[in-house]
Amino acid sequence: MRIVLLGPPGSGKGTQAALLKDRLGVPHISTGDLLRAAVKDGTPLGIKAKAAMDAGELVSDELMLGLIEERMGAADIKAGYLLDGYPRNLAQARALDELLNRVGLPVEKALALIVDEEQIVQRIARRAQEEGRSDDTEEVVRNRLAVYREQTAPVTGYYADQRLLVEVDGVGSIDEINQRLTAALD
Ligand code: AMP
C-alpha cells in the first residue's frame, strides 16, 4: 500500500508508522528522521536544515524536494511506502503528486490522526523528557503547532478533494489507535 500519514507533531505518527510498516511490509519514510540523521552526520543538507529545525520552522521546499526525490528513487518503494512528515504544505503535496505520478506510484490513501492541541502539548513534554529532542522545548513546540495549523493542516483538504483522506481518532492507547488505523486501511 502507498500511504501518507498526516497529523500534528506529537500526534503519534512515528509510533504508529513503526507498527504499520511491519504489518504492511513497506518502508517507513520519515523526513524528520532523515533530517535528524543528516544533522547528526553533518552532511551539507543537515548543516542547511538545522537552524529551521531548531526553531520549529519548515525546512525549505527546495531542500525537502531534493531529499524526497532521492528517497523515493530507491527501489524499495515499489512495494509501497508509508510517508511520515511529508508533505508539510500544499506546494510539497503538489510536488509529491508530480513525482509519484512520474514513477507510477501515486498515493492510495492519506490517513490523518486527529488529536487536540492540549493533548499534544502534554505528549511532547513527555517525549522531551524521554528522548531529549532539541526541538521539543515549550517555545519551539508552540511554534511547530502554529506552523502545522497554518501550513500543514490544509494538506488534509488537498487529499480530501482527491477522496483519499481517512480521518482517525488519535486519542487512546497505542494499541487502540493502531487498530483504528488498520481498520481504516481495510
Ligand atoms: P518531524 O520529526 O516530522 O516532526 O520533523 C522535525 C522537523 O524537521 C520539523 O519541525 C521541520 O523543521 C523538519 N521537517 C520534517 N519534515 C519536513 C518537511 N516535509 N518539510 C519541511 N520541514 C520538515
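Hydrogens, waters and symmetry mates are skipped; everything else that's a heavy atom, side chains included, is used.
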Exercise for the section: Indicate yes or no: at least one non-hydrogen side-chain atom of M53 is less than 4.5 angstrom from one of V59. Expected result: yes
Completion exercise
Distance col, row L19:CG vs T15:OG1, nearest 0.5 angstrom, shows 7.5 Å
Exercise for the section: Report yes or no: do L58 and L65 belong to one cluster of Ile/Leu/Val/Met/Phe/Trp/Tyr joined by side chain heavy-atom distances under 4.5 Å? Expected result: no
Fill in the blank from the handout: So side chain to side chain donor-acceptor pair (under 3.5 Å) across residues 62-85, not counting sequence neighbours, yields H28-D84, R71-D76
Fill in the blank from the handout: Applying side-chain hydrogen bond (donor to acceptor under 3.5 Å, both in side chains) to Q92 and not counting sequence neighbours gives D61
Handout entry: Straight-line distance of I120 CD1 to R144 CZ, nearest 0.5 Å
Key = 10.0 Å
Handout entry: Connected-component partners of I177 among ILVMFWY, side-chain separation under 4.5 Å
Key = M1, I3, L5, L20, L24, V26, L82, L111, L113, V166, V168, L181, L185
Practice task
Considering non-hydrogen atoms only, spot the tightest contact between A95 and Y86 and give its length.
Solution key: CB-OH, 4.4 Å
Problem - Residue pairs involving residues 110-125 (criterion side chain to side chain donor-acceptor pair (under 3.5 Å); sequence neighbours excluded) - result: E117-R149
Practice task
Kindly give the heavy-atom pair with the smallest separation between P27 and G80, and that separation in Å.
Solution key: CD-O, 3.2 Å
Exercise for the section: Would you sort out whether E176 and V171 count as a side-chain contact (heavy atoms from CB on, under 4.5 Å), showing the intermediate values? Expected result: CA-CA 9 Å; E176 281 164 351; V171 180; over 6 Å; no
Practice task
Just jot down the salt bridge (Lys or Arg N to Asp or Glu O under 4.0 Å) partners of E167, sequence neighbours excluded, or say none.
Solution key: none
Problem - In one Ile/Leu/Val/Met/Phe/Trp/Tyr side-chain cluster, 4.5 Å: I124, V140 - result: no
Exercise for the section: Decide whether V141 and V147 are clustered together by the hydrophobic rule: side chain heavy atoms of Ile, Leu, Val, Met, Phe, Trp, Tyr closer than 4.5 Å, transitively. Expected result: no
Handout entry: Between OG1 on residue T156 and CG on residue D161, distance to nearest 0.5 Å
Key = 9.5 Å
Handout entry: Where at least one partner belongs to residues 22-32, residue pairs that pass salt bridge (Lys or Arg N to Asp or Glu O under 4.0 Å), sequence neighbours excluded
Key = none
N/O donor-acceptor pairs under 3.5 Å from side chains in residues 35-43, not counting sequence neighbours:
from	atom 1	to	atom 2	distance (Å)
R36	NH2	D33	OD1	2.9
T43	OG1	A38	O	3.4
T43	OG1	G46	N	3.1

Handout entry: side-chain hydrogen bond (donor to acceptor under 3.5 Å, both in side chains) against N143, all qualifying residues, sequence neighbours excluded
Key = E57
Practice task
Kindly state each residue pair satisfying salt bridge (Lys or Arg N to Asp or Glu O under 4.0 Å) with at least one member in residues 42-55, sequence neighbours excluded.
Solution key: K50-D54
Fill in the blank from the handout: On a heavy-atom basis, the closest approach of A79 and G25 is CB-O, 4.3 Å
Exercise for the section: Check the hydrophobic clustering (I, L, V, M, F, W, Y; side-chain heavy atoms under 4.5 Å; chains of links allowed) and say if Y148 and V4 are grouped together. Expected result: no
Exercise for the section: Measure the spacing between CZ of R88 and CG of L96 and express it to the nearest 0.5 Å. Expected result: 13.5 Å
Under 3.5 Å, sequence neighbours excluded: what are the donor-acceptor pairs made by side chains of residues 101-109?
from	atom 1	to	atom 2	distance (Å)
N101	ND2	D97	O	3.1
E108	OE1	R2	N	2.8
K109	NZ	A184	O	3.2

Exercise for the section: Quick one: closest heavy-atom pair of A112 and L165, and the distance? Expected result: CB-CD1, 3.9 Å
Exercise for the section: Apply salt bridge (Lys or Arg N to Asp or Glu O under 4.0 Å) to R94 and list each qualifying residue two or more places apart in sequence or on a separate chain. Expected result: none
Problem - By side-chain hydrogen bond (donor to acceptor under 3.5 Å, both in side chains) - contacts of K21 (at least two apart) - result: none
Exercise for the section: Would you kindly confirm whether L6 and M64 end up in one hydrophobic cluster when ILVMFWY residues are joined by side chain heavy atoms under 4.5 Å apart? Expected result: yes
Practice task
Tell me, yes or no, whether the heavy-atom count around E138 atom CD, taken from other residues, nucleotides or ligands under 6.0 Å, exceeds 12.
Solution key: no
Exercise for the section: Inspect the surroundings of CG in L90 and state if more than 12 heavy atoms from other residues, nucleotides or ligands are less than 6.0 Å away. Expected result: yes
Problem - Note, L145 side chain near V121 side chain (heavy atom, < 4.5 Å) - result: yes
Problem - Check: S11 side chain, V115 main-chain N or O, donor-acceptor pair, under 3.5 Å - result: no
